Amino acid sequence: MQVISSIQAIKQSIKALIKENRSTIGFVPTMGALHEGHLSLVRQAKKENDTVVVSIFVNPLQFGKHEDFTRYPRTFGNDCNLLSQEGVDIVFNPSATEMYPDGFCTSVIPESLEDKLCGKSRPGHFRGVAVAVLKFFNLIQPDIAYFGQKDFQQTVVIKRTVSDLNVGVTIKVLPTIRDQHGLALSSRNAYLSETEKTDALCLYTALTRAKTLANMGTTDTGEILREMEKIITRCTSATIDYIAIVNPETLETVPKVQNGDVVALAVRMGKTRLIDNVTLILMIAFSCLIL
Ligand code: PAF
């Protein structure tokens, strides 16, 4: 496994791969502190491509002033061991100055998507994500890039940006990986105390309740959200940032639930902000499909 940290070297490696006719490149962008969620993306990339590139870069542009950039978990040695065991070909881990040298001033603004859901409490976050990811796409020239459904809004922003700017990469979104109790895996779970970790299960309980209600025929968004709020507010260490049911492409909130809408939430457990979501598959729509 090659570990590359300079832009010049990654460009050369990719050029050589293309020259060698290694026909497809799969790419998994990460910020490191890898867990089974990331590894599920890597495994899928391995299955579907000749070469797999993983980036490890804690991107300063997507962290707000008072967010956890400096304390974000950095486990580079362990990450490389895991990726080497998975048979990854290249790890790209540039420094912040390599990615954003003096004078760097270009932004990518996902206009109608960036100030909804997580964007409300994380202004500038999705611009930061979009710039880093587009830069990686330009350098790595992947055929397919893999993202986790847990970061739902991020996947919507990336798909939109790629489509709007005609970037030649296919975006694949793979299911959220959960622990045995239902907690979505996240590098930030490392911040949780044991009590907070147990309490954090209320997120999945609330999302599951929303799914059940929608399956049973409840279409009124307000009713579903109230039920979810009840579940989460029972949990003492939880503070709701938002809970919303939205259209999966525009992120507009919906008054009545339709098949494919997404229930998304962000909840603070103590000082740690967790996100999660589920897609609503309405039984009525499902049975029509079978018929
Ligand atoms: O999901 C992440 O880890 C990051 O937002 C990403 C996509 C690597 C961009 O920095």
Side-chain angles (χ1 to χ4, degrees), residues 1-60 62-63 68-100 129 132-151 154-155 158 169-180 183-191:
M1 185 174 82
Q2 271 181 284
V3 178
I4 295 178
S5 50
S6 84
I7 286 190
Q8 201 197 354
I10 192 77
K11 275 183 166 174
Q12 271 170 5
S13 286
I14 299 295
K15 214 172 174 182
L17 280 173
I18 292 169
K19 226 175 172 181
E20 262 175 39
N21 213 6
R22 295 279 293 267
S23 41
T24 61
I25 299 176
F27 173 50
V28 182
T30 81
M31 298 207 297
L34 303 181
H35 50 65
E36 279 299 313
H38 299 109
L39 298 182
S40 72
L41 306 180
V42 170
R43 286 172 196 141
Q44 192 66 24
K46 276 292 289 179
K47 265 191 216 154
E48 297 179 344
N49 301 276
D50 304 311
T51 300
V52 173
V53 181
V54 176
S55 63
I56 298 182
F57 176 61
V58 184
N59 174 27
Q62 68 187 75
F63 287 80
D68 56 344
F69 175 67
T70 47
R71 71 181 190 117
Y72 193 84
R74 287 161 171 87
T75 56
F76 187 68
N78 187 50
D79 292 347
C80 284
N81 287 338
L82 292 171
L83 295 175
S84 153
Q85 280 162 29
E86 296 296 337
V88 164
D89 300 277
I90 300 176
V91 171
F92 181 46
N93 78 309
S95 66
T97 45
E98 188 70 6
M99 282 288 278
Y100 309 122
V129 170
V133 171
L134 274 188
K135 222 173 136 97
F136 287 136
F137 287 171
N138 282 334
L139 292 167
I140 292 158
Q141 300 179 46
D143 295 276
I144 312 177
Y146 298 82
F147 294 84
Q149 171 69 22
K150 185 184 74 71
D151 295 301
Q154 169 169 283
T155 67
I158 299 295
V169 57
T170 299
I171 303 300
K172 288 208 175 171
V173 179
L174 301 189
T176 302
I177 304 294
R178 302 178 179 280
D179 73 8
Q180 74 265 36
L183 178 65
L185 297 192
S186 160
S187 305
R188 289 191 169 96
N189 291 354
Y191 301 150

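When reading the values below, keep in mind they use all heavy atoms of this one structure, side chains included, and skip hydrogens, waters and symmetry mates. Worth saying up front: this structure is predicted, and the values here are computed from it rather than measured.
- A donor-acceptor pair under 3.5 Å is absent between the side-chain atoms of Asn78 and the main chain of Leu34, judged by distance alone.
- You'll find the side chain of Asn93 stays beyond 4.5 Å of the side chain of Ser55, heavy atoms only.
- Among residue pairs with one or both ends in residues 70-85, none qualify as salt bridge (Lys or Arg N to Asp or Glu O under 4.0 Å); sequence neighbours excluded.
- Asp89 and Thr51 are not linked by any side-chain donor-acceptor pair at a separation below 3.5 angstrom, with hydrogens and angles left out of the test.
- For Phe69, the ring-ring contact (aromatic ring centres under 6.0 Å, His included) partners are Phe63, not counting sequence neighbours.
- Contact detail for Ala96 and Pro60: the closest heavy-atom pair is CB-CG, 4.0 Å.
- The backbone N or O of Val88 sits nowhere less than 3.5 Å from a side-chain atom of Lys46 that would complete a donor-acceptor pair.
- Glu36 meets the salt bridge (charged side-chain N to carboxylate O under 4.0 Å, His left out) test with Arg43; sequence neighbours excluded.
- For Ser186, there are no side-chain hydrogen bond (donor to acceptor under 3.5 Å, both in side chains) partners at least two apart in sequence or on another chain.
- Residues Leu185 and Gly37 approach most closely at CD1-N, 3.9 Å, considering heavy atoms.
- The side-chain heavy atoms of Val169 and Ile144, taken from C-beta on, include no pair separated by under 4.5 Å.
- By the side-chain hydrogen bond (donor to acceptor under 3.5 Å, both in side chains) test, Gln62 pairs with Asn59, sequence neighbours left out.
- In this structure, the side chain of Ser5 does not engage the main chain of Pro94 through any donor-acceptor pair within 3.5 Å.
- The shortest side-chain heavy-atom distance between Phe57 and Lys135 does not fall under the 4.5 Å cut-off.
- No donor-acceptor pair closer than 3.5 Å links the side chain of Thr155 to the backbone N or O of Gln149.
- For the residue pair Ser6 / Glu98, no side-chain donor-acceptor distance below 3.5 Å is found, with atom types taken as modelled.
- Counting only heavy atoms from C-beta outward, the side chains of Met1 and Leu83 approach each other to under 4.5 Å.
- By the salt bridge (charged side-chain N to carboxylate O under 4.0 Å, His left out) test, Asp179 is found to be paired with no residue, residues two or more places apart in sequence or in another chain being considered.
- Taking all atoms of both residues into account, the shortest heavy-atom contact from Ile25 to Ile140 is CD1-O, 3.7 Å.
- Judged purely by atom type and a 3.5 angstrom limit, Thr24 has no side-chain atom pairing as donor or acceptor with the backbone of Asp143.
- Counting only heavy atoms from C-beta outward, the side chains of Thr30 and Tyr146 never approach each other to under 4.5 Å.
- For the pair Ile171 and Phe147, the minimum side-chain heavy-atom distance is below 4.5 Å.
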